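Encoded as structure tokens, the structure appears first; notes follow it.
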2 protein chains.
Amino acid sequence: MTGAQRKTLQDIADAAGLSKAATSYALRGLRGSEATQARVRAIAEEFGYSADPIARALASGRSGNVAIVGSLRDLWRQGLAVMLSEALRAQELSSIIADVDGSPQREEEVLRSLAAQRVDGVIALPVDPSASYWADVPSQTRIVSIGDALTARPESESVLFDNEYGVGTALQHLADLGHRSVGLLAPSLPSTPGRPAELLAQSLGDSMGLTVTVSSSPSSVHGAAQAAAQLLVGDRRPTALFCLGDSIAFGAYRAARDLGLSVPGDLSILGFDDSELASLVSPELTTFGWDEQAIVDAAVGALTSPEGTGTAGGQMMFRPVFIARASTTRPSRPNAPSR
Amino acid sequence: MTGAQRKTLQDIADAAGLSKAATSYALRGLRGSEATQARVRAIAEEFGYSADPIARALASGRSGNVAIVGSLRDLWRQGLAVMLSEALRAQELSSIIADVDGSPQREEEVLRSLAAQRVDGVIALPVDPSASYWADVPSQTRIVSIGDALTARPESESVLFDNEYGVGTALQHLADLGHRSVGLLAPSLPSTPGRPAELLAQSLGDSMGLTVTVSSSPSSVHGAAQAAAQLLVGDRRPTALFCLGDSIAFGAYRAARDLGLSVPGDLSILGFDDSELASLVSPELTTFGWDEQAIVDAAVGALTSPEGTGTAGGQMMFRPVFIARASTTRPSRPNAPSR
DNA sequence: TGAATGATGTGAACCGGTTCACATCATCAG
DNA sequence: CTGATGATGTGAACCGGTTCACATCATTCA
């Protein structure tokens with residue numbers, strides 16, 4: 001039905017009375033007089049011409065495909081993946097999304113299979129940022145990693161999260177409220193906004209006079225509920241729980257409910273990653289939010305910035321914003337004994 | 001670092017002592033003796049050869065790009081988009097994800113821009129399934145739509161949701177519990193699992209002796225809370241709310257809380273789309289779940305099935321499964337007056 | 001035996017751009 | 001006025017496959 005044949009470069013060249021080569025250069029503004037360029041552009045415009053991305057890809061050697069690889073189980077990352085794909089689309093790039101489901105093996109596998117697909121860029125939300133397989137990706141394929149720098153690939157750029165700030169702010173907030181014993185629930189896999197957070201938390205906590213008990217937890221709500229429950233049964237259970245991820249925090253709510261603890265009365269809960277639902281649960285979750293759009297733009301920008309822009313190995317740091325809501329308060333019994 | 005040049009078809013041909021043409025045919029099992037095919041395959045295997053998707057695309061005329069277009073605001077669709085992209089990857093297809101943010105104008109715009117991108121398939125989660133612009137997509141581009149059939153493009157396949165069943169089951173459930181007046185909150189835009197649901201609900205409700213009040217609501221939690229609140233202030237407020245989407249249901253929880261209504265005591269709430277958080281909220285949300293993987297597979301299958309598979313205009317219907325949890329119960333005061 | 005048939009393989013064109021090496025011409029310095 | 005320089009434009013090769021039209025050869029049937 002859509003009658004008109006797609007115009008080709010040759011058509012434009014003919015109309016302009018130029019060679020294919022000259023036309024190609026002119027359209028891209030690489031060569032030719034200003035006048036010629038304008039004329040060619042005008043004709044292209046009139047013809048509704050746009051270069052076939054595939055032919056261009058074949059000739060130029062880049063595919064226009066970017067892979068988004070990593071752990072995409074949780075809602076936050078899932079949203080990020082969609083936003084990334086969108087942002088790439090704006091640059092006329094298509095995306096290949098591969099969730100590796102938290103498994104380094106699958107991550108390695110996916111990376112290998114990507115080689116065949118001729119992607120010319122990878123945005124990673126790495127499951128295992130210290131794995132050596134990252135170095136096996138052909139060096140002309142740029143990698144931008146989000147959340148953690150890839151140790152095996154120092155020349156790749158990364159978008160990092162200012163965990164020190166986040167953890168510091170969180171602990172300070174709890175300390176100010178009068179808490180003395182805080183539980184920290186970190187995702188079991190080392191990848192999350194806040195990986196070295198466990199270590200940080202210990203030392204920062206010390207300096208504030210806080211006892212920080214670290215425990216790891218699955219990212220799923222149910223798994224987190226169990227992990228939280230374990231932390232809450234001890235004789236000297238913490239009066240606050242800092243959860244590195246809202247899903248974990250939701251699990252903590254559930255655990256608290258199951259154990260008959262009121263939030264925030266008996267237990268303060270602090271989340272991370274401000275999900276759409278953080279303000280839905282009752283009490284509304286105090287958490288940290290990110291400027292996701294800025295993160296996405298930074299990642300895509302790093303990937304598409306011209307080759308030599310000297311940002312090799314560059315790192316950008318994003319700082320979470322503290323969002324005080326209702327799930328944290330002063331502890332009812334400063335040093336809660338068992339219940 | 002990754003030394004070895006990528007092998008080309010010519011390399012394989014040379015090694016096999018055949019022409020490029022014969023090799024190409026053999027590799028795809030289209031021509032040549034069984035013996036030759038096996039030999040060529042073995043060599044390709046040994047060389048670690050895989051055809052360059054770009055060259056293939058240029059020559060064969062299909063790009064290997066599929067666009068996922070539509071309304072992707074809510075978590076359910078966002079998850080679906082990621083799953084779709086994954087499933088496409090398994091077929092060696094890359095994806096272009098475009099969220100049109102609920103706007104038919106943007107939808108039209110995106111579809112037009114897609115023409116330039118040479119996608120060879122579209123998976124639509126249409127904002128406006130009855131819009132005429134769907135017909136403007138080049139007819140050789142296959143479209144599979146999810147949720148609603150595209151009226152302007154009868155030859156395209158669709159994956160539909162059995163709304164009649166869902167709504168019927170929901171209303172029956174509420175009727176059985178003794179409710180007489182039910183509020184229905186449907187997303188404001190006509191696209192959702194359950195678009196003609198409003199109409200259905202009226203007629204089905206009638207036959208069960210239920211009064212169904214229909215109202216539309218934004219998909220965001222906050223917007224839904226407002227919409228729900230409006231439904232709940234009347235003198236003869238409904239004793240149950242059926243929300244077409246869990247996000248809306250969560251909004252309803254919030255509204256109920258704000259109004260001092262207990263759930264399910266004063267108000268039963270029924271959701272749709274079983275999100276991960278449905279079992280987190282308190283009380284746990286009674287809702288309907290989908291077999292998302294089956295839906296995704298069906299859509300991708302329809303898109304990639306060979307041309308002539310006679311499924312043109314085919315429709316597949318998926319039935320939601322009712323998940324009884326704790327947010328619905330018999331009404332405390334069968335015909336609740338105002339509060 | 002000879003013609004029709006079908007299976008196997010081949011060279012070359014083609015998809016639609018990009019890029020290289022070179023030709024042409026105007027400009028400018030010496 | 002001459003030769004070097006740089007800007008503009010050109011033909012052809014190339015990217016790596018697919019596919020068409022045709023050549024070869026072995027079968028099969030009359």
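Sequence lines set the chain letters: A, B, ... in the order given, protein chains first and strands last, and positions in each chain run from 1. Being a predicted model, the structure only gives us computed values, none of them experimental.
Remark: A:Asp99 does not engage A:Arg77 in a salt bridge, criterion side-chain N to carboxylate O under 4.0 Å. A salt bridge is absent between A:Arg106 and A:Glu108: the closest approach of a Lys/Arg side-chain nitrogen to an acidic carboxylate oxygen does not fall below 4.0 angstrom.
Using a 4.5 Å cut-off on side-chain heavy atoms (C-beta onward), A:Ile123 and A:Val66 make contact. Using a 4.5 Å heavy-atom cutoff, the side chains of B:Val296 and B:Gln293 are in contact.
Side-chain polar atoms of A:Arg89 and A:Ser85 form no donor-acceptor pair below 3.5 angstrom.
Going from atom CG of A:Leu58 over to atom P of C:dC15 covers 14 Å, rounded to whole Å. Taking atom CZ of A:Arg56 as the reference point, atom C1' of C:dT18 lies 9 Å away to the nearest angstrom. In this structure, B:Gln10 places its CD atom 12 Å from P of D:dC14, rounding to the nearest Å. The nearest whole Å value for the distance from the CZ atom in A:Arg118 to the P atom in D:dG16 is 6 Å. Spacing between atom CG of B:Asp120 and atom P of C:dC15 amounts to 18 Å, rounded to whole angstrom units. Atoms CG (A:Asp14) and P (D:dT10) sit 12 Å apart, rounded to a whole Å. Here the P atom of nucleotide D:dC15 and the CZ atom of B:Arg6 are 13 Å apart, to the nearest Å. One interatomic measurement links the two molecules: CG of A:Leu9 to P of C:dG17, which rounds to 5 Å at whole-angstrom precision.
Each of B:Ser60 and B:Arg39 lies near DNA chain C, and the nucleotide nearest B:Arg39 is the one positioned closer to the 5' end. Two residues, A:Ala59 and B:Ser19, neighbour DNA chain C, and the one matched to the more 5' nucleotide by heavy-atom proximity is B:Ser19.
Nucleic acid contact class of B:Ile54 (heavy atoms, under 4.0 Å, all strands): none.
Across every non-hydrogen atom of A:Leu84 and A:Ala299, the tightest pair is CD2-CB, 4.2 Å.
Within residues 20-37 of chain A, the residues that have a heavy atom under 4.0 Å from DNA chain C are, in order of number, A:Lys20, A:Ala21, A:Ser24, A:Tyr25, A:Arg28, A:Arg31.
Counting only Watson-Crick and G-U wobble pairs whose two key distances fall under 3.5 Å, DNA chain C forms stems of three or more stacked pairs at C:1-30 with D:1-30.
With sequence neighbours excluded, the residues satisfying side-chain hydrogen bond (donor to acceptor under 3.5 Å, both in side chains) with B:Ser33 are B:Thr36.
A perpendicular orientation is assigned to the rings of B:Phe161 and B:Trp76, their planes being inclined by more than 60° (bins at 30° and 60°).
The main-chain N or O of B:Ala16 is found under 3.5 Å from a side-chain atom of B:Arg39 such that the two form a donor-acceptor pair.
Checking C:dG16, D:dG16, D:dG9 against the side-chain heavy atoms of B:Ala55 singles out D:dG16 as nearest. Here the side chain of B:Ala51 is nearest to one of C:dT18, C:dT10, D:dG17, namely D:dG17.
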